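From a predicted model like this one, the values you see are computed outputs, not experimental measurements.
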Amino acid sequence: MKSIADLNDFINANDVYSFLLTYLEILNTYGSLEIPLELNMESLAHQWKDVLPAVCQNASEDFYQQLALLWFELVTTYQETTTDKSFDFKHLIEILHRRQLENKKFEIFAISQGYVLSDFNNKAVSVYDISYDFSEQNLIAALKQNNAVIFLIEFFKEALVNTAIKLPKSSVEDVLKAKFSVILNSNYNKNKSLFLNKVVKVYLILVNRFGLPVSQDKIKKSIHYLVTTKINL
């Protein structure tokens, strides 16, 4: 029988998929756990952090972000199959189990089935139609014009081909401000706080949607989103 102790083992193994599957199985059997009340990607990771049992509070920020991404995809898929406003945990488990059979690793699941995928399908520009060639001219122009979106597009593109470019691996605003402050000052001699705040704001949107930029696929998804989506700053 699955138990809360199993949840902690999955956290230690950084196995987000098995964690959520087991969490739902415990809920379906005992009803003794909580789930987030709102499907808001901006706050979903924090919601999970608030509802998890005390013994599960050793999860990393990245674990919470990946859990939020998987939960968002699962719930939105569930909502497409029923008009029932309450959760049928058995149904959620079935959906999650089918996804596991199709995608053996959570990383593949997050990239290929991430919750923004439906947005891609509705846009005229395919992710494969985007140019990923880095333009130093565009980057310099973005810095001069204080255009955070164009700057990040080129910054991500450069990271695809230049291993010396280190994308910040954090979803914490203060940490990102500190990291981007160093990047902007050291690499581009740019120290305007207003521009820094805009860069961090856009970067947080991407991290909350796609998770940390730890693979080329995630970086390309971020570039595609920035190119095809209007972001109000």
Side-chain angles (χ1 to χ4, degrees), residues 40-46 61-62 65-66 68-69 72-73 107 110-233:
N40 180 351
M41 198 60 192
E42 297 294 329
S43 63
L44 202 49
H46 293 291
E61 292 298 325
D62 182 54
Q65 291 291 341
Q66 300 298 342
L69 175 63
F72 194 105
E73 166 63 16
E107 181 70 12
I111 293 172
S112 65
Q113 305 291 335
Y115 78 92
V116 294
L117 190 60
S118 58
D119 290 341
F120 292 151
N121 294 336
N122 291 332
K123 294 186 183 300
V125 182
S126 166
V127 66
Y128 302 107
D129 293 334
I130 299 295
S131 171
Y132 297 103
D133 296 332
F134 167 64
S135 170
E136 184 176 6
Q137 182 178 355
N138 288 347
L139 185 143
I140 293 174
L143 290 168
K144 289 181 178 178
Q145 297 165 10
N146 294 315
N147 190 320
V149 172
I150 300 299
F151 167 76
L152 282 174
I153 288 173
E154 296 305 328
F155 187 62
F156 276 121
K157 286 180 178 180
E158 188 175 10
L160 288 173
V161 296
N162 185 354
T163 56
I165 299 297
K166 303 299 182 183
L167 299 175
K169 305 296 192 301
S170 176
S171 59
V172 179
E173 184 175 0
D174 288 343
V175 173
L176 288 175
K177 282 185 177 180
K179 288 182 178 294
F180 270 112
S181 178
V182 173
I183 290 171
L184 291 171
N185 273 296
S186 301
N187 297 354
Y188 310 108
N189 194 28
K190 183 80 171 180
N191 57 9
K192 289 188 176 181
S193 60
L194 182 59
F195 181 72
L196 171 64
N197 291 337
K198 288 181 178 180
V199 169
V200 170
K201 179 179 179 179
V202 176
Y203 199 83
L204 277 172
I205 291 173
L206 298 174
V207 170
N208 286 331
R209 285 181 173 273
F210 302 104
L212 299 178
V214 295
S215 69
Q216 289 208 346
D217 289 290
K218 287 188 177 183
I219 294 173
K220 287 184 176 181
K221 296 289 189 185
S222 296
I223 294 170
H224 179 275
Y225 182 82
L226 292 176
V227 170
T228 60
T229 306
K230 179 177 176 57
I231 299 177
N232 296 317
L233 294 175

Compare every heavy atom of [Y] with every heavy atom of [X], then report the nearest pair and how far apart it is.
| X | Y | value |
| --- | --- | --- |
| G211 | Q66 | CA-NE2, 4.1 Å |
| A45 | A68 | N-CB, 3.7 Å |
| E158 | L139 | OE1-CD1, 4.2 Å |
| P213 | I219 | CB-CG1, 4.1 Å |

**Prompt:** Heavy-atom distance under 4.5 Å between the side chains of I183 and V199, does that happen here?
**Reply:** no

**Prompt:** Given side chains that start at C-beta, do those of Q65 and N208 come closer than 4.5 Å, heavy atoms only?
**Reply:** yes

Using atom types as modelled and distance alone, determine if a side-chain donor or acceptor of [X] lies under 3.5 Å from a backbone N or O of [Y].
| X | Y | answer |
| --- | --- | --- |
| K166 | A164 | no |
| S43 | H46 | no |
| Q216 | L160 | yes |
| Y203 | P168 | yes |

request  = Show your working on side chain to side chain contact (heavy atoms under 4.5 Å, CB included) between L212 and V207 and close with a plain yes or no.
outcome  = CA-CA 5 Å; L212 299 178; V207 170; 3.8 Å; yes

Just how far is it from atom [atom1] of [X] to atom [atom2] of [Y], taken to the nearest 0.5 Å?
| X | Y | atom1 | atom2 | value |
| --- | --- | --- | --- | --- |
| S215 | K221 | OG | NZ | 10.0 Å |
| D217 | S222 | CG | OG | 11.0 Å |
| F155 | L167 | CZ | CG | 5.5 Å |
| L206 | S171 | CG | OG | 12.5 Å |
| I153 | N147 | CD1 | CG | 8.0 Å |
| L143 | L184 | CG | CG | 7.0 Å |

Give the C-alpha distance, both sets of side-chain angles, the deciding distance and a yes or no for side chain to side chain contact (heavy atoms under 4.5 Å, CB included) between L152 and L226. CA-CA 8 Å; L152 282 174; L226 292 176; 3.9 Å; yes

If you count every heavy atom of other residues, nucleotides or ligands that lies below 6.0 Å from K192 atom NZ, does the total exceed 12? no

| message | More than 12 heavy atoms of other residues, nucleotides or ligands under 6.0 Å from CG of N189: yes or no? | response | no

Begin from the C-alpha positions of H224 and K220 and carry the test side chain to side chain contact (heavy atoms under 4.5 Å, CB included) through to its verdict.
-> CA-CA 6 Å; H224 179 275; K220 287 184 176 181; over 6 Å; no

Those residues at least two apart in sequence (or on a different chain) that pass salt bridge (charged side-chain N to carboxylate O under 4.0 Å, His left out) with K190 are none

